[in-house]
> 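My questions all concern the structure below.
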Amino acid sequence: MSEYKFKNNIAETLLIPLYMRAKESRREAEAMVKDPIAQKLVEQIEYDYSKFDNAKMSEIGCAIRCWFFDKKVLDFVQSHINPVIINVGCGLDARCQRTVEKDKNVVFYSLDLPDTIKLRQHYIPTAVNENYISASMFETAWMDEIKAQHLDGSFIFIIEGVVMYFEECQLKLFFNDLSERFHSAEIWFDTLGTLAVKNQNKHDALKKVDASVKWGINDGKILETWNSNLRLIEQTSPGRFFRSRQTFPMRIMSLIPKFFFKFYSYLGYRIN
């Protein structure tokens, strides 16, 4: 089998968290995340994953990030009626299968570009309560369709490992489009800080692929200035979690959250 070739550079980055979830799953009882689908896909998709083997901060970071957003999905489902989860820029992430596959009261959407959804359809059959959306996150037709199908739905958008690859002007439109349509919804995503964007050539995993990041913020309150309906719920860092697994630099940085945010953070918002 020849090595899989992606049609755009950003799409290739989905293999980084896929490989890291597979590696974490091999830790078995000690694993933060258990993802047998990721393990299977790494074996099936021919690619030189070895170039990420020394990316220790990304290895731990991807595992914590996955655990964090899985937990946000589960917390949301437990606290809302008629929950609808939209995994934006889903890549080859089996979040539905890890979290709510057996919950008949939950509707789950996995959204990504047509080439990626085609790849998913080949390797990951949809769960009973899962639907694939083949579209750009910046299109609005899928937003209108989901809203119309779930008039009484409680919506949560998970956008993992995505927003940093786009320009601020694109992201402003995206968040405004969501805010206009999904009142009371929650939006959760991760992003780099400005220092990380400036020094992206030093990133232990991204420097191994031909993709560049374009956006980052240090203060989550900035998005509230973009749209008056956006309210920051939380801004936090992976340094708070699984500290025994953290690298020494991450443990030190996490002692000063605002400094950590210059490199990376998780953000959650509620739409008023």
> Between Ser58 and Met20, what is the shortest heavy-atom contact and its length?
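Reported closest heavy-atom pair: O-CG, 4.0 Å.
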
> For Tyr132 and Lys118, run side-chain contact (heavy atoms from CB on, under 4.5 Å): C-alpha distance rounded to whole Å, both residues' side-chain angles, the deciding distance at 0.1 Å, then the answer.
CA-CA 10 Å; Tyr132 286 168; Lys118 185 177 180 180; over 6 Å; no

> Which atom pair, heavy atoms only, marks the closest approach of Phe189 to Leu223?
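That closest heavy-atom pairing would be CZ-CD2, 3.8 Å.
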
> In Å, rounded to the nearest 0.5 Å, how long is the span from CH2 of Trp142 to CD1 of Ile133?
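One gets 6.0 Å once the value is rounded to the nearest 0.5 Å.
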
> Centroid-to-centroid, Phe138 to Phe166, below 6.0 Å?
yes

> Side chains of Gln200 and Ser212: do they bring a donor and an acceptor to under 3.5 Å?
no

> Contact between Ile85 and Val77 at the side-chain level, heavy atoms closer than 4.5 Å - yes or no?
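In contact.
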
> Heavy-atom distance under 4.5 Å between the side chains of Ser237 and Met250, does that happen here?
no

> Treating Asn129 as the side-chain partner and Asn105 as the backbone partner, does any N or O pair qualify as donor plus acceptor under 3.5 Å?
no

> Using the test side chain to side chain contact (heavy atoms under 4.5 Å, CB included), find all partners of Ala38 that sit at least two apart in sequence or belong to another chain.
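Once residues adjacent in sequence are excluded, the partners of Ala38 under the side chain to side chain contact (heavy atoms under 4.5 Å, CB included) criterion are Leu18, Arg21, Ala22, Asp35.
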
> Taking all heavy atoms of Phe108 and all of Ser110, pick out the closest pair and write down the distance.
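Closest approach of Phe108 to Ser110: CE2-OG, 3.4 Å.
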
> Ignoring hydrogens and angles, tell me if any N or O in the side chain of Asp190 forms a donor-acceptor pair with the backbone of Gly161 under 3.5 Å.
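Looks like yes, one N/O pair under 3.5 Å.
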
> Between Glu59 and Arg27, does at least one N-O distance fall below 4.0 Å, as a salt bridge requires?
no

> Which pair of non-hydrogen atoms, one from Leu113 and one from Ser136, has the smallest distance, and what is that distance?
CD2-CA, 3.8 Å

> Do other residues, nucleotides or ligands put more than 12 heavy atoms under 6.0 Å from Lys23 NZ?
yes

> Quick one: are the ring centres of Phe157 and Phe174 less than 6.0 Å apart?
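When the ring centroids of Phe157 and Phe174 are compared, they turn out to be at least 6.0 Å apart.
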
> So how far is it from Ser184 OG to Asn229 CG, rounded to the nearest 0.5 Å?
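Nearest 0.5 Å value for the OG-CG distance: 10.0 Å.
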
> Applying side-chain contact (heavy atoms from CB on, under 4.5 Å), run through Leu178 and Phe155 and close with a yes or a no.
CA-CA 11 Å; Leu178 289 183; Phe155 297 90; over 6 Å; no

> Rounded to the nearest 0.5 Å, what separates atom CG in Asp204 from atom CE in Met57?
7.0 Å

> Would you say the side-chain atoms of Gln235 pair up with the backbone N or O of Gly220, donor to acceptor, closer than 3.5 Å?
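Side chain of Gln235 to backbone of Gly220, a donor-acceptor pair under 3.5 Å: yes, one is there.
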
> More than 12 foreign heavy atoms under 6.0 Å from CD1 of Ile81: is that the case here?
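No, CD1 of Ile81 has 12 or fewer neighbouring heavy atoms, counting only those of other groups under 6.0 Å.
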
> Among the clusters formed by ILVMFWY side chains lying less than 4.5 Å apart, do Leu173 and Leu230 turn up in the same one?
no

> Sub-3.5 Å donor-acceptor pair from the side chain of Gln170 to the main-chain atoms of Val163, do we have one?
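It does not hold such a pair.
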
> Minimum heavy-atom separation for Glu139 to Met143, with atom names?
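Heavy-atom minimum between the residues: O-CE, 3.5 Å.
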
> Heavy atoms, side chains only, cut-off 4.5 Å: are Thr99 and Val106 in contact?
no

> If you count every heavy atom of other residues, nucleotides or ligands that lies below 6.0 Å from Glu234 atom CD, does the total exceed 12?
yes

> Can you confirm whether Arg231 sits close enough to Glu224 that some side-chain heavy atom of one is under 4.5 Å from a side-chain heavy atom of the other?
yes

> Donor-acceptor pair, distance only, cut-off 3.5 Å: does the side chain of Tyr47 make one with the backbone of Glu12?
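Side chain of Tyr47 to backbone of Glu12: no pair is present.
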
> Between Leu232 and Leu267, is there a side-chain heavy-atom distance shorter than 4.5 Å?
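A side-chain contact under 4.5 Å exists here.
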
> Parallel, tilted or perpendicular: which fits the ring planes of Tyr49 and Tyr19, with parallel below 30° and perpendicular above 60°?
parallel

> Any chance you could measure Lys214, atom NZ, to Glu168, atom CD, to the nearest 0.5 Å?
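So the gap between those two atoms works out to 13.5 Å.
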
> First locate atom CD1 of Ile60, then atom CZ of Phe242, and finally report the distance between them rounded to the nearest 0.5 Å.
11.5 Å

> I'd like to know if the side chain of Asp112 reaches the main chain of Gly91, judged simply by a donor and an acceptor atom lying under 3.5 Å from each other, with no hydrogens or angles considered.
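Flag set: sc Asp112 to bb Gly91 pair under 3.5 Å.
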
> Main chain of Arg65, side chain of Tyr266: is a donor-acceptor contact present, judged purely on distance under 3.5 Å?
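Side chain of Tyr266 to backbone of Arg65: a pair is present.
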
> Assess the residue pair Arg181 and Ile271 against the criterion (side-chain contact (heavy atoms from CB on, under 4.5 Å)); give the C-alpha distance rounded to whole Å, side-chain angles, the decisive distance to 0.1 Å, and a yes or no.
CA-CA 9 Å; Arg181 292 165 171 80; Ile271 302 174; over 6 Å; no

> Can you find a pair of side-chain heavy atoms, one from Val100 and one from Phe76, that are under 4.5 Å apart?
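No - every pair of side-chain heavy atoms lies 4.5 Å or more apart.
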
> Determine the minimum heavy-atom distance between Val84 and Gly153, stating which atoms define it.
CG2-CA, 4.2 Å

> Among Arg98, Arg95, Arg120, Lys102, whose salt bridge (Lys or Arg N to Asp or Glu O under 4.0 Å) with Glu130 holds?
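The single option meeting the salt bridge (Lys or Arg N to Asp or Glu O under 4.0 Å) with Glu130 is Arg120.
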
> Is the CG atom of Asp152 crowded by more than 12 outside heavy atoms at less than 6.0 Å?
no

> Find the distance between CG (Leu192) and NZ (Lys198) and round it off to the nearest 0.5 Å.
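Here the interatomic distance stands at 15.0 Å.
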
> Does some side-chain heavy atom of Ile124 sit less than 4.5 Å from a side-chain heavy atom of Gln97?
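Yes; the side chains approach each other to less than 4.5 Å.
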
> Quick check: do Asn87 and Phe69 have side-chain heavy atoms less than 4.5 Å from each other?
no

> Decide if atom CG of Asn54 counts as having more than 12 heavy atoms of other residues, nucleotides or ligands within a radius under 6.0 Å.
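Incorrect, the count does not exceed 12.
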
> For the pair Lys72 and Glu160, find out whether any cationic side-chain nitrogen is under 4.0 Å from an anionic carboxylate oxygen.
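Salt bridge absent between Lys72 and Glu160.
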
> Could I get the full list of ring pair (Phe, Tyr, Trp, His ring centres under 6.0 Å) partners for Phe263, not counting sequence neighbours?
Phe259

> Please evaluate residues Cys66 and Met32 with respect to the criterion side-chain contact (heavy atoms from CB on, under 4.5 Å), reporting the C-alpha separation (whole Å), side-chain torsions for both, the decisive distance (0.1 Å), and the verdict.
CA-CA 9 Å; Cys66 179; Met32 302 177 215; over 6 Å; no

> Does Asp219 pair with Lys221 as a salt bridge, N-O distance under 4.0 Å?
no

